[in-house]
There are 2 protein chains.
Amino acid sequence: MPKLDESLLTGLPPFSRLDRGQIRQILDQAGSRRYEEGTPIFREGHDAERFYLLLDGYLRVVQATRDGEEIIVLHISPGQLFGIAPALQRDTYPATAIAAAETIALSWPVRLWDTFTREYEGFATETYRTVGQRIGQIQETLTELATQAVEARVASAVLRMANQSGRKTEEGIEIAFPVTRQNIADMTGTTLHTVSRLLSGWEKNGLVRSTRKHIVVTDAHRLVLLSGAKD
Amino acid sequence: MPKLDESLLTGLPPFSRLDRGQIRQILDQAGSRRYEEGTPIFREGHDAERFYLLLDGYLRVVQATRDGEEIIVLHISPGQLFGIAPALQRDTYPATAIAAAETIALSWPVRLWDTFTREYEGFATETYRTVGQRIGQIQETLTELATQAVEARVASAVLRMANQSGRKTEEGIEIAFPVTRQNIADMTGTTLHTVSRLLSGWEKNGLVRSTRKHIVVTDAHRLVLLSGAKD
DNA sequence: TCTCGACGTTGCTCTTCCACAAACCGCCGG
DNA sequence: CCGGCGGTTTGTGGAAGAGCAACGTCGAGA
């Protein structure tokens, strides 16, 4: 395993209060791996053996229903911890994590968790802040799903991805990882067909531009209108 | 303020590893209050000044949408901590808590949070376990909302309440707090009308019995079938 | 006891969106 | 270069469930 550079972690919230020595220590205990697009990193219900940090790429966190469908609960962007079941006293992962694009992640065995929270100042604090934010996000998705019409939900989902992973280009905001219509359907609890129609419609009206697995939001403002207060 | 009895806390998970002296200490710092049915205990977005323990009664945790609708995210039963924003490094409450029935709760100012987690063994651990469980619950609701038909969602919601707060009676399992059709609609993202129709239908087929604000599940088994794998 | 208001029921209409179907596009491997 | 496959587009019914409306009923307070 090649030695990992310390600059990888400096500046990331969970490690921001640590000195070089501590970061070195953490890195020396880390495993590092590359995941191809579509590869699962861990699966719902499996024993939580490691916890992770996403260095590069994007993840989909997915939950399966009894009848085999799966829905996307949230996305994870670089710099975030994930698979942090031990923080919540769980011994299995509550959901499946899948690489949405080519991805690199560090990981540590769960037995180090207690050491991390004890020895490294700010680590626990920042972790729980992340947990809090995720709960907020999920709750928001929940209310949206419960109250909004399909078009608004799809608009929100697209905007959320754009905000989370957006790259500014001349044309607009580009979603940085591959997304299929089916993926969006899985985020919004609708079908591939409906999503396709909506995106086609928006493209006709100049709100977005899209090619396969690739979406650029060209008129975020009007999309926000669609997603929210109708009028 | 009358002195609170120590037996209130012994046996509850967050305090189970503490001795009498510690429990006495905790109680002496607690505020105790009664809330009438329908009273909010705290509101979404307000400064998180205290954290709470539900002694008796039931709570609805509610989130409001931009357009004034509100949906019920989860219920809280006696013995659980709630309003634990500080555990997640939040300084405002992420949702509104409303008494679903006459309720009694203890509370402490947030500045004691750090003391509690530091001094009282098992308190932090158990709290985070609760958080983990709630996330699991919300995620489940989310997938349900995204994939299941209305009838299945309503069935699940009723079953969830029955399991959480069920009292066995001769007739079946009785939900221990008042629930209106509108409440169920708010849990499942549907309308009062649809819920009313469904309950009427079920009553006709002997799955439930209901009077106003009051539901008894008389055939849990068949209700489970409705809630899950169709056939 | 009467009245009022909250809660619940039911029928009808209308919209939304899903299911099914058929075909197309563009990328990848042979 | 060609075939195949995954991803996408588009059209057409049809059914689920929302919205509207009107009425019934229970309980609390004057």
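Sequence lines set the chain letters: A, B, ... in the order given, protein chains first and strands last, and positions in each chain run from 1.
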Tell me the interatomic distance from [X], atom [atom1], to [N], atom [atom2], rounded to whole angstroms.
X	N	atom1	atom2	value
B/W202	C/dG8	CH2	P	15 Å
A/E151	C/dC18	CD	C1'	16 Å
B/E37	C/dC7	CD	C1'	12 Å
A/K213	C/dG26	NZ	P	16 Å
A/L145	C/dC17	CG	P	12 Å
B/L192	C/dG11	CG	P	16 Å
B/D186	C/dC7	CG	P	12 Å
B/I184	C/dC7	CD1	C1'	13 Å

#### Entry: CZ (B/R90) with more than 12 external heavy atoms under 6.0 Å
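Atom CZ in B/R90 is crowded, with more than 12 foreign heavy atoms closer than 6.0 Å.
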
### Query
Has the side chain of B/Q63 got a donor or acceptor atom that lies under 3.5 Å from a matching backbone atom of B/T96?
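No, because the side chain of B/Q63 does not come within donor-acceptor range (under 3.5 Å) of the backbone of B/T96.
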
### Message
Please check: side-chain N/O of A/D5 versus main-chain N/O of A/S7, any donor-acceptor pairing under 3.5 Å?
### Response
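Judged by distance alone, yes, a pair lies under 3.5 Å.
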
It should be established whether [X] places a side-chain nitrogen or oxygen under 4.0 Å from OP1 or OP2 of nucleotide [N].
X	N	result
B/R181	C/dG8	yes
B/T194	D/dA16	no
A/T190	C/dC18	yes
B/S196	C/dT9	yes

### Message
Does A/T191 reach a base, just sugar-phosphate, or nothing at all? Heavy atoms under 4.0 Å.
### Response
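Sugar-phosphate only.
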
### Task
Scan A/R212 against the nucleic acid and name what it touches under 4.0 Å (heavy atoms): base, sugar-phosphate only, or nothing.
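Base, at least one base heavy atom under 4.0 Å.
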
### Query
Can a donor-acceptor pair under 3.5 Å be found between the side-chain atoms of A/H193 and the base atoms of D/dT8?
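There is none.
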
### Message
Quick check: any donor-acceptor pair below 3.5 Å linking the side-chain of A/R197 to the base of D/dG11?
### Response
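Side chain to base: pair found, below 3.5 Å.
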
### Task
Using the six-membered ring wherever Trp is involved, compare the ring planes of A/Y58 and A/F177 and label them parallel, tilted or perpendicular (cut-offs 30° and 60°).
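Ring orientation of A/Y58 relative to A/F177: tilted.
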
#### Entry: Nucleotide of D/dT9, D/dG7, C/dT9 approaching A/T180 most closely (side-chain heavy atoms)
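So the side chain of A/T180 is nearest to D/dG7.
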
### Intermediate values then yes/no, salt bridge (charged side-chain N to carboxylate O under 4.0 Å, His left out), B/K213 and B/E37
CA-CA 12 Å; B/K213 292 187 163 203; B/E37 182 180 333; 3.0 Å; yes

